[in-house]
There are 2 protein chains.
Amino acid sequence: MNIGEIARRAGVSRSTVSYALSGKRPVSAATVQRINDVIAELGYRPNASARALAEGRTRTLGLVVPPASRRLTDVQLGFVGSVVDAAAAHDLDVLLSPSGGDHDRSFERIVTGRRVDGVILMEILLEDPRVERLSQASLPFVTIGHVEHPGASWWVDVDYGALITRCVHHLADLGHEEVVLINRSAELVAAGYGPALRSATGFLDATAARGLTARTVCCADEAAAGLACFEQIRTQWPSVTAAVTINEAALPGVQRALHRAGLEVPRDFSLTGVIAERLAEDFHPPLTAADVPAVELGRLAVDLLLAQIADAGAEPRHALLEPPISLRSSTGARRHG
Amino acid sequence: MNIGEIARRAGVSRSTVSYALSGKRPVSAATVQRINDVIAELGYRPNASARALAEGRTRTLGLVVPPASRRLTDVQLGFVGSVVDAAAAHDLDVLLSPSGGDHDRSFERIVTGRRVDGVILMEILLEDPRVERLSQASLPFVTIGHVEHPGASWWVDVDYGALITRCVHHLADLGHEEVVLINRSAELVAAGYGPALRSATGFLDATAARGLTARTVCCADEAAAGLACFEQIRTQWPSVTAAVTINEAALPGVQRALHRAGLEVPRDFSLTGVIAERLAEDFHPPLTAADVPAVELGRLAVDLLLAQIADAGAEPRHALLEPPISLRSSTGARRHG
DNA sequence: TTGTATGCGTTATCAG
DNA sequence: CTGATAACGCATACAA
């Protein structure tokens, strides 16, 4: 079932069928009608590979995600979903590439096989070889997150530093004097994961500015680690009265540790940070936190990528979002004594 | 940068380059060497579209997922991850199609655009129009989950009925006499979502067989619903002493309701069901439950799909997994009094 | 062991 | 308004 067959049955040439479909050249109403009838009858659709070959574009976007071994967080999942949906809204398909840091086969196929018109790269590091690779391949791409020196690249991100700073100020305003940052895992920090490092910097700067005593810990992305981590905080720094976190996966464990220690939130302890909305609401009590606008970031990434594809020579653009902190009920005034 | 350019620089014909690459015809070592040098120098990789067109296959698998609006559960996320990883292990790419029940544009593109060699369909209904559509398109496909009358189709699934039955027997053995099934949402049940319906059937059969009093409720896939749902259970059927659930998303709410009611698990109340391993372990106390082997199912689905692609006329195969119940600590003997 | 020629299904250019 | 026909880049049957 190809365009030639349609042409034959409709009694026209293949080019006429092609133009009737694309509308790039006037075709008489009668002919269009006849062609459409045949197409509807046979359920014809153009072969994507042939079209891509002739047209020089694939109508497909690549999305590079962390490999499944590293389980996706709620925020990351939000990215994937919104990117796929946004792409579908433009009649574009999304090709997934599970890639961990180094350029594996899947990533190389995407980059160099002309399988996609552009790439969205998520979960990048401050120094990410894949960004380099994509740049030199001169394939349009947008990163969710930004490298240390973004230079002339396209990206969207959340301003973790600013958000954590706002969290710290919020806690300082409530009278807290010793606060802890529960960061992502030590491995991620060591690898140069932007959100973790920028959060740490923001935290240290803000606590210094407000004259607070700052403590920081790394915590693996699991509930068990959250539990252990919080208990360690309690023993090591018993006078800490509030925590800031960007570690969603640790939350259930923190919740349990809080309960086990007999601490009531926010009466005895305040908790805030940057967290996916759903998880913030699932917490008990609901977390006062900056909700990562994952859906908006995904949509934005697709928009930027399409702009870049449409005009390869365009000025690089980026978006640094700073969503408001949603006041829920997990922070309160420090209790003296 | 195409194969002709490589051929020119290596001083051979295009077919020689092609054969050197595919190994489908002997090429002298010296020539291979020369070709590989040029390829390495220029970073050449064959154009995927051209290759797909010539070869009649795309080396790409389609994965139909629920649209992002319906947030993916942990189990579903496990499917996606494992399918993508398993495909990558075979050097295959995965094209994502967000499709809700009806055949939308994205789904149609996948089915009829010859963009993929086969499709994996997840989250299907007992009567699913997409299964019909794929059948008549004669495109190889495997479903994760199975329709009511699978006939000659390929699928992998977890035996929800059997697992729920085992959970009920486990509770009956512990002396529980009135138990409740916390199912997925009423919408899913009404739509004909297999796991929900098969769980309900298994639950009713098993409770009847053991002479237990059976209660069932539907619960939306959110923590808040889980909370409300559990509180309703307590007021409506106060003598219920154990629950079976397949609703992962409701778990945080159930946890909270349990705590709010002053119920200790498993002393005052037992909880079990079919739950993603991570969530079962995150619960407090860890849930005695059947862990959905999402990773294995995903891998299996890819294996079956590849077998089907390799031999279109092969006998349809399927796999109905019945993973063991992991004994953790959320179930105990019914406390009399 | 290698080269030539054809086909894969579209799009787009050039004629009419 | 419509028809031939040449790309697009690769794989492969056919020759040598």
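Heavy atoms only: backbone and side chains are in, while hydrogens, waters and symmetry mates are out. Reminder, nothing fancy here: chain letters follow the sequence lines and each chain counts from 1.
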What nucleic acid atoms does [X] come within less than 4.0 Å of, heavy atoms only: base, sugar-phosphate, or nothing?
X: R14(A); answer: base
X: S28(A); answer: sugar-phosphate
X: G113(A); answer: nothing
X: P46(A); answer: sugar-phosphate
X: T31(A); answer: sugar-phosphate

Using the rule side chain to side chain contact (heavy atoms under 4.5 Å, CB included), only one of V80(B), V83(B), T143(B), V64(B) pairs with M122(B); which is it?
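Exactly one pass, corresponding to V80(B).
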
Among I6(B), V27(B), T31(B), whose side chain to side chain contact (heavy atoms under 4.5 Å, CB included) with V12(B) holds?
T31(B)

Between [N] and [X], is there an OP1 or OP2 to side-chain N/O distance shorter than 4.0 Å?
X: R51(A); N: dT11(C); answer: yes
X: Y19(A); N: dA4(D); answer: no
X: K24(B); N: dA11(D); answer: no
X: T16(B); N: dT2(C); answer: no

Closer than 4.0 angstrom, basic N to acidic O: yes or no for D91(B) and R105(A)?
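A salt bridge is present here (some side-chain N lies under 4.0 Å from a carboxylate O).
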
Hits for side-chain contact (heavy atoms from CB on, under 4.5 Å) against E296(A), two or more places apart or cross-chain, chain-then-number order -> P293(A), R299(A), L321(A)

Under the side-chain contact (heavy atoms from CB on, under 4.5 Å) rule, collect the residues that match up with A87(B), sequence neighbours excluded.
L61(B), L92(B), V94(B)

May I have the distance from [X] (atom [atom1]) to [N] (atom [atom2]), rounded to whole angstrom?
X: E55(A); N: dC8(C); atom1: CD; atom2: C1'; answer: 17 Å
X: I3(B); N: dG3(C); atom1: CD1; atom2: C1'; answer: 13 Å
X: I35(A); N: dC1(D); atom1: CD1; atom2: P; answer: 13 Å
X: R57(A); N: dT10(C); atom1: CZ; atom2: P; answer: 16 Å
X: L53(B); N: dC8(D); atom1: CG; atom2: C1'; answer: 9 Å
X: I6(A); N: dT2(D); atom1: CD1; atom2: C1'; answer: 18 Å
X: Q33(A); N: dT2(D); atom1: CD; atom2: P; answer: 13 Å
X: E5(A); N: dG9(C); atom1: CD; atom2: P; answer: 11 Å

Quick one: CZ on R130(B) to CD1 on I110(B), what's the gap to the nearest 0.5 Å?
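Spacing of CZ (R130(B)) from CD1 (I110(B)) equals 12.0 Å.
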
Rounded to the nearest 0.5 Å, what separates atom OG in S99(B) from atom CZ in R109(B)?
11.5 Å

Mark yes or no for a side-chain to base donor-acceptor pair under 3.5 Å between [X] and [N], with no hydrogen or angle criteria applied.
X: R25(A); N: dT2(D); answer: yes
X: R45(A); N: dG9(C); answer: no
X: S15(A); N: dA4(D); answer: yes

Would you kindly compare A54(A) and A29(A) by the position of their nearest DNA chain D nucleotide and give the one closer to the 5′ end?
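Final value for this comparison: A29(A).
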
DNA chain C: V32(B) or N47(A), which has the more 5' nearest nucleotide?
V32(B)

Quick one, I124(B) and V147(B) - any side-chain contact, counting heavy atoms below 4.5 Å?
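Yes; the side chains approach each other to less than 4.5 Å.
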
Overall bend - the helix from dT1(C)-dA16(D) to dG16(C)-dC1(D), comparing terminal axes fitted on five pairs, nearest 10 degrees
40°

